[in-house]
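Written out below as C-alpha cells is the structure these notes cover.
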Amino acid sequence: MVYGENIRRLRKEKGLSQRKLAIELNVTQVAIHNLEKEKRQPSIEMFERLAEILETTPAKLVGWDD
C-alpha cells in the first residue's frame, strides 16, 4: 500500500506537523508516525477523517484513484 506516503505528502502540503495532525484526529503523534510508516492501518473512520482534514478522498489516500 501507499497510504503512508500519501498521508505524509498531503500532510506536508497542508503545512501540518505530525503533532498538529494528531491533535486534529485526537490521537498521539506516535500514531501518525506509525500510519506514515505503515506500521498501523487506520480504521475506515480514521481514513475518512484523514481524507477530510487533508482535503482528499479515502480512495486517493490508499492510491486507488491516481
Side-chain angles (χ1 to χ4, degrees):
M1 282 190 122
V2 295
Y3 69 87
E5 294 171 20
N6 290 338
I7 291 169
R8 182 175 183 266
R9 179 180 48 79
L10 290 167
R11 173 182 62 76
K12 287 187 170 205
E13 285 177 10
K14 297 294 177 195
L16 294 170
S17 65
Q18 285 184 343
R19 184 172 185 263
K20 286 185 179 184
L21 182 56
I23 290 168
E24 290 284 326
L25 290 168
N26 198 32
V27 298
T28 65
Q29 182 176 348
V30 172
I32 300 302
H33 171 81
N34 288 338
L35 287 174
E36 290 182 359
K37 295 295 183 183
E38 297 187 19
K39 293 180 180 179
R40 177 177 177 225
Q41 185 171 345
S43 66
I44 290 178
E45 293 81 13
M46 184 175 280
F47 261 125
E48 290 172 347
R49 184 73 178 119
L50 275 165
E52 181 181 319
I53 292 167
L54 298 174
E55 298 177 356
T56 191
T57 64
K60 285 184 180 179
L61 279 181
V62 296
W64 291 345
D65 197 28
D66 285 341

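If you read the sequence from its start, that first residue is 1, and numbering goes on from there.
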Next item on the list: Identify whether the distance between the nearest side-chain nitrogen and carboxylate oxygen of Glu13 and Arg9 falls below 4.0 Å.
Entry: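 Salt bridge present between Glu13 and Arg9.
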
Locate the shortest heavy-atom distance separating [X] from [Y]; write the atom from each residue and the value.
{"X": "Lys60", "Y": "Asn6", "result": "O-ND2, 3.2 Å"}
{"X": "Phe47", "Y": "Leu61", "result": "O-CD1, 3.7 Å"}
{"X": "Gln18", "Y": "Arg11", "result": "N-NH1, 3.5 Å"}
{"X": "Ile7", "Y": "Leu21", "result": "CG2-CD2, 4.3 Å"}
{"X": "Arg40", "Y": "Leu35", "result": "O-CD2, 3.4 Å"}
{"X": "Glu5", "Y": "Glu38", "result": "N-OE2, 4.2 Å"}

Check: Any link between Leu50 and Ile23 through a network of hydrophobic side chains (Ile, Leu, Val, Met, Phe, Trp, Tyr) touching at under 4.5 Å?
Finding: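 Shared cluster, no.
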
Notebook entry, point to check: When clusters are formed by joining ILVMFWY residues with side-chain heavy atoms under 4.5 Å apart, either directly or through shared neighbours, do Val30 and Tyr3 land in the same one?
Noted result: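 Result: no, two separate clusters.
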
Check: Rounded to the nearest 0.5 Å, what separation is found between the OG1 atom of Thr57 and the CD atom of Glu52?
Finding: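 Reported to 0.5 Å precision, the distance equals 13.0 Å.
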
Notebook entry, point to check: Between OG1 of Thr56 and CG of Leu10, what distance do you get to the nearest 0.5 Å?
Noted result: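 Thr56 atom OG1 to Leu10 atom CG measures 5.5 Å (nearest 0.5 Å).
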
Check: Does some side-chain heavy atom of Leu16 sit less than 4.5 Å from a side-chain heavy atom of Glu24?
Finding: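 Glu24 vs Leu16: side chains apart.
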
Next item on the list: Decide if atom CZ of Arg8 counts as having more than 12 heavy atoms of other residues, nucleotides or ligands within a radius under 6.0 Å.
Entry: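 12 or below, so no.
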
